[in-house]
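Residue numbering restarts at 1 for every chain, and letters A, B, ... go by the order of the sequence lines.
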Number of protein chains: 2
Amino acid sequence: MSLPHTLLGLLKYKPNTGYNIKTAFASSINFFWEVSLPQIYRTLNSMETRGWLDSDIEHQDGRPSKKIYRITPEGDREFAQWLEQAPEAVKPKDELLVKLFFGGFMDHQTLTGHIKDRRNKAEQFLKSAGEIIPPSVREYADKADAGQDIPFWLLTLDLGRRRAQMTIEWCDETLRILEKNNRKKEES
Amino acid sequence: MSLPHTLLGLLKYKPNTGYNIKTAFASSINFFWEVSLPQIYRTLNSMETRGWLDSDIEHQDGRPSKKIYRITPEGDREFAQWLEQAPEAVKPKDELLVKLFFGGFMDHQTLTGHIKDRRNKAEQFLKSAGEIIPPSVREYADKADAGQDIPFWLLTLDLGRRRAQMTIEWCDETLRILEKNNRKKEES
DNA sequence: AGTATATATATGCGTATGTATATATTAACT
DNA sequence: AGTTAATATATACATACGCATATATATACT
């Protein structure tokens, strides 16, 4: 459970609304942590109950009122303490791997189709990681007055890039082996 | 949601008990999908309610009775249909990346400590992937009469190996950059 | 002799999360 | 003129999942 702490981190840069935080996610953390808007609202709400956040309502003409959350001293302490703790291990849950595991029950075309899809997604990510993400990260950093943290953000992006590259290589090698095994099977 | 389908796949090899399926996980799918024992029991139960499984009780002297689940024709159809569907995208949720993202709020030692831990885990996995996993996979394949599926299982293992290798390289490069930036900061 | 581990199934409780839906207005597009 | 997207918050419902606990016995370890 670290969504609350992720939100604490973003609110440390500046007070913000749930809606705005969602757009902040979209241009940064979203690449390694997907969150929906209702989830953000619910979490902010429970964080306020726990005393980690305060909020002010800002009325607007025509638009719905904004609820601007601010981190409290308790929230600040909680965040600092969380950063110290050893991060939870990643729990990989990869449906493609399960299907490949049961590849013996599938026909060749369907299985290789799934793997080609994965390869395409990785390639698309590589493109956006090179062209789209870094500018949008810089844009968000400006908005949040967090320019000094860009180096850290680019390091997280670098892992995404390496992961995508690795995925492409694994897909190619896997497809090669599956084709080879399939030819053998058809011959016999 | 694909745990039910994963269980269907394992039960296609042969009827089995929840307890035994857990040990089957431990020597194969567990490397890319962690599941607890209560979760398996609960899922098997709901699958039986849905008509995907049947079960027989086998009484034993001294030991608790075994509940042996068997896949039904409905379960079989469900599994075949699931294999055809495009696999869900992986939703990465990596706490280390969040902490690195907020690296500006941490001291250098703590952050690099977290990254070194990640590197150690990847190295341990590489060792077990080379020495321990393949034999245990083969052992399970024998037990499940699934020798012909070993090639697929080794392909999933190969992704784990590549991921670990990539992780090590990223950790090394990240540590290098963090050290460099830290030296600059201390000089100024 | 006492403790831990393996075998075997299961419930309870709390949290996390996905999807759908409700509400309200403005701007932009077709 | 009508539809969609963007701005802004929130609830309802269902599923998934982690962790603790209950029960019962045999074996292995210290």
| note | Here the distance between atom C1' of D:dA8 and atom CD1 of A:I57, to the nearest Å, is 11 Å
| Contact class for B:K22 (heavy atom, under 4.0 Å): base, sugar-phosphate, or nothing? | nothing
| message | With a 4.5 Å cut-off on side-chain heavy atoms, are B:V90 and A:K93 touching? | response | no
| request: Flag the pair B:L10 / B:N16 as yes when at least one side-chain heavy-atom distance between them is below 4.5 Å, and no otherwise. | output: no
| Within this structure, what is the CG-to-C1' distance between B:L37 and C:dT9, rounded to whole angstrom? | 8 Å
| message | Without decimals, in angstroms, what is the distance between A:I40 CD1 and C:dT19 P? | response | 15 Å
| message | In whole Å, I'd like the distance from the CG atom of B:N45 to the P atom of D:dT15. | response | 14 Å
| From D:dG18, D:dA6, C:dG18, nucleotide with atom closest to A:Y19 side chain | D:dA6
| message | I need the CG-C1' distance between B:L44 and C:dT9, as an integer number of Å. | response | 11 Å
| Only one of B:W82, B:F79, B:F152, B:W153 clears ring pair (Phe, Tyr, Trp, His ring centres under 6.0 Å) with A:F102; which? | B:F79
| B:Y41 side chain, from C-beta outward: closest of C:dT19, C:dT9, C:dT11 | C:dT9
| Out of D:dC19, C:dT9, D:dT11, whichever nucleotide has its closest atom nearest the side chain of B:R42 | D:dC19
| Base, sugar-phosphate alone, or nothing: which one does B:S65 contact when heavy atoms must sit under 4.0 Å apart? | sugar-phosphate
| message | Within the 4.0 Å heavy-atom criterion, would you say B:T17 contacts the bases, only the backbone, or no part of the nucleic acid? | response | sugar-phosphate
| request: Rounded to the nearest angstrom, tell me the gap between atom NZ in A:K67 and atom P in D:dT9. | output: 9 Å
| Starting at CG of A:N16 and ending at P of D:dA8, how long is that distance when rounded to a whole Å? | 10 Å
| request: For the residue pair B:S2 and B:E88, confirm or rule out a side-chain donor-acceptor distance under 3.5 Å. | output: no
| query | Charged N to carboxylate O under 4.0 angstrom, B:K99 versus B:E95? | reply | yes
| request: Nearest whole angstrom, please: distance from the C1' of D:dA10 to the CD of A:E48. | output: 14 Å
| task | Could you pick out which residue, B:K91 or B:K66, lies toward the 5' side of DNA chain C when each is mapped onto its nearest nucleotide? | result | B:K66
| Of the listed nucleotides D:dA8, C:dT17, C:dT19, the one nearest the side chain of A:W33 | C:dT17
| query | Considering heavy-atom distances to DNA chain C, does B:K93 or B:Y69 have its closest nucleotide positioned more toward the 5' end? | reply | B:Y69
